[in-house]
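Worksheet: one structure, shown below.
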Amino acid sequence: MKIHAAVARAPHMPFSLERLDLEEPREGEILVRVVATGVCHTDIVMRDQHLPVPQPVVLGHEGAGIVERVGPGVAKVTPGDHVVMTFNSCGHCPSCNDHEETYCHEFFPRNFFGARADGSSGLSCEGERIHGNIFGQSSFASHALCHERNIVKVPKDADLALLGPLACGIQTGAGAVMNALDVEPGKILAVFGMGSVGLAAVMAARIVGASRIIAVDVNETRLALAAQLGATDIVNGKGSDAVAAIMALTGAGVDYSIDASGVPAVIDQCVRVLAPRGTCGIVGASPHGATLTLDLTHILSGGRRVRGIVEGDSNPDVLIPLLIDLHRQGRFPFDRLVSFYDFADINQAVEDSERGIVLKPIVRQPAA
């Protein structure tokens, strides 16, 4: 079938809007008509080859849409179901067997290699291979092929145009608090970086009952929004020593910290503000090969921990419906983070995101 898609053909260059051929769904695959897709920083990282994703490629990994057809063997959804497309996993490695799919041993091949597990791609353009299957979907397109393992059925009365970011960015921030760190009521959390991931963490921390939620950024507008969404304290790292400010607020430091920046110097600050037995979770994407230097005595002497967190340690079939329900209750207003664009304006959405004009762009496909 013919579809419309945004193709990344060269680093740091705009996406090319093209008409492509998409194969029919194979065994275990699901054809989804995309309603809308969130634009994530990881899409930009892949476009610009900071992660070595093959090009030309259709990116997009925060898709939401409606099932049109299913391949043989699919039982999870049927045509007409509303779905969110999230990360892919293999289903048979030790991590998947332990229900820890975010640490699938094949996470990179299944999500970043631009091909199915057998090396094929369902996308082409006049005989030219176009890499697809990014995060098991490649949803910067009017239609996407995904898989049972990376599809989440959602209520039909939920606003599909809004739901895509729950697949990655929002899920990552909320899941870091609710799942990975399991922040306990009455504890203190500091979140560094008030993009959509960090702000999702702030909202989740309020839900779980953290007594103090410290938001750190260099952008006063984002800090003001953090305060509206649940932060009890804000620290502008541009005009002050963030570590000193947090220690002055807390005395002994924080029980948990989250880095949503991916900047090694900021991650160091995240670790330095930990109280004894505190845990730092790293969720921000750093450039490939980036390294981190830490004060080992500080970590050892206080029993402090540093851990990476992928996709918020999420079971998407559980977390995404939970976040939708919390949003309906008015307790998780992630809609305040998003800005909508027509799909034809995807390059403007990316540019606005890179410039910090918007927090979470969502590109919407024309109505069917």
Side-chain angles (χ1 to χ4, degrees), residues 1-5 22-38 40 58-91 96 99 101-102 110-111 116-117 122-123 132-171 174-175 311-312 314-329 332 334-335 338 340 343 362-368:
M1 64 178 293
K2 294 288 187 181
I3 68 168
H4 292 94
L22 179 67
E23 294 180 359
E24 290 295 311
R26 296 183 180 182
E27 183 172 359
E29 292 184 337
I30 301 157
L31 175 67
V32 175
R33 177 175 65 79
V34 178
V35 170
T37 308
C40 180
V58 176
L59 303 173
H61 64 282
E62 291 183 342
I66 301 171
V67 175
E68 286 203 342
R69 290 193 288 282
V70 300
V74 172
K76 189 175 184 180
V77 293
T78 58
D81 285 340
H82 290 200
V83 296
V84 167
M85 295 172 278
T86 185
F87 64 91
N88 201 13
S89 57
C90 73
C96 288
H99 305 292
E101 290 88 354
T102 59
R110 299 275 176 166
N111 292 285
R116 297 182 174 108
L123 291 167
N133 202 52
I134 295 297
F135 277 68
Q137 56 186 280
S138 288
S139 53
F140 283 170
S142 59
H143 294 75
L145 286 176
C146 59
H147 315 269
E148 282 192 297
R149 293 195 60 80
N150 75 309
I151 201 164
V152 177
K153 188 174 176 179
V154 298
K156 288 188 176 180
D157 60 350
D159 183 2
L160 267 179
L162 180 64
L163 301 185
L166 296 177
C168 184
I170 305 300
Q171 169 176 256
E311 298 286 355
S314 171
N315 176 342
D317 287 314
V318 174
L319 184 60
I320 289 176
L322 171 62
L323 295 179
I324 292 172
D325 188 50
L326 289 168
H327 177 259
R328 283 174 161 168
Q329 297 174 34
F332 191 73
F334 73 96
D335 55 294
V338 310
F340 289 104
F343 182 69
I362 296 177
V363 291
R364 293 185 287 199
Q365 293 288 342

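Each residue takes its place number in the sequence, starting with 1.
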| field | T37: partners by side-chain hydrogen bond (donor to acceptor under 3.5 Å, both in side chains), with sequence neighbours left out | value | none
| message | Going by the rule side-chain contact (heavy atoms from CB on, under 4.5 Å), which residues pair with H4 if we only count those two or more places apart in sequence or in a different chain? | response | R19, S142
| note | Sorted by chain and number, sequence neighbours left out, salt bridge (Lys or Arg N to Asp or Glu O under 4.0 Å) with E29 holds for R116
| request: Using a 4.5 Å cut-off on heavy atoms from C-beta on, say whether the side chain of F340 contacts that of I362. | output: yes
| field | Worked verdict on L31 versus L145 for side chain to side chain contact (heavy atoms under 4.5 Å, CB included) | value | CA-CA 5 Å; L31 175 67; L145 286 176; 4.2 Å; yes
| message | Any non-hydrogen side-chain atom of H82 less than 4.5 Å from a side-chain atom of V35? | response | no
| Hey, mind stepping through F135 and N150 against side chain to side chain contact (heavy atoms under 4.5 Å, CB included) and telling me if it holds? | CA-CA 8 Å; F135 277 68; N150 75 309; 5.7 Å; no
| message | Does any part of the side chain of I320, heavy atoms only, come nearer than 4.5 Å to the side chain of L163, both counted from C-beta? | response | no
| field | Side chains of V154 and L166 in contact at under 4.5 Å (non-hydrogen atoms) | value | no
| request: For residues A167 and T86, report the shortest heavy-atom separation together with the two atoms involved. | output: O-OG1, 2.7 Å
| note | Distance col, row H147:NE2 vs Q137:CD, nearest 0.5 angstrom, shows 9.0 Å
| Looking only at heavy atoms, which two atoms of S138 and A141 are closest? And how far apart? | O-CB, 4.0 Å
| said: Do I151 and V32 make a side-chain contact, defined as non-hydrogen atoms from C-beta onward lying under 4.5 Å apart? | reply: yes
| Full working for side chain to side chain contact (heavy atoms under 4.5 Å, CB included) between V34 and F343 | CA-CA 11 Å; V34 178; F343 182 69; over 6 Å; no
| request: Looking only at non-hydrogen atoms, find the nearest pair between F332 and A174 and report the distance. | output: CZ-CB, 4.0 Å
| task | Using side-chain hydrogen bond (donor to acceptor under 3.5 Å, both in side chains) as the criterion, list what pairs up with S89, not counting sequence neighbours. | result | R149
| field | Minimal non-hydrogen separation, G38 against P165, with atom names | value | CA-CG, 4.3 Å
| Distance from L22 atom CG to H143 atom NE2, nearest 0.5 Å? | 8.5 Å
| Considering residues at least two apart in sequence or located in another chain, which fulfil the side-chain contact (heavy atoms from CB on, under 4.5 Å) criterion with H327? | L162, F334, D335
| request: List for me each residue that meets side-chain contact (heavy atoms from CB on, under 4.5 Å) alongside D317, sequence neighbours excluded, and say none if there are none. | output: K76, V152, N315
| said: Listing request: all salt bridge (Lys or Arg N to Asp or Glu O under 4.0 Å) pairs with a residue in residues 81-91, at least two apart in sequence or in separate chains. | reply: D81-K153
| query | What closest approach, in Å, do A64 and M85 show between heavy atoms, and which atom pair accounts for it? | reply | N-CE, 4.1 Å
| Do L59 and H61 come close enough that some side-chain heavy atom pair is under 4.5 Å? | no
| query | Can you name the nearest heavy-atom pair linking G136 to N111, along with the distance? | reply | N-OD1, 4.4 Å
| task | Side-chain contact test, heavy atoms from C-beta onward, threshold under 4.5 Å: evaluate it for C168 versus E311 and give yes or no. | result | yes
| note | Contacts of E27 meeting side-chain contact (heavy atoms from CB on, under 4.5 Å) (sequence neighbours excluded), chain-then-number -> P72
| said: Run the side-chain hydrogen bond (donor to acceptor under 3.5 Å, both in side chains) test against R328 and tell me which residues pass, sequence neighbours left out. | reply: D157
| request: Using side-chain hydrogen bond (donor to acceptor under 3.5 Å, both in side chains) as the criterion, list what pairs up with K2, not counting sequence neighbours. | output: D21
| Pairing residues for F140 by the ring pair (Phe, Tyr, Trp, His ring centres under 6.0 Å) criterion, not counting sequence neighbours | F15
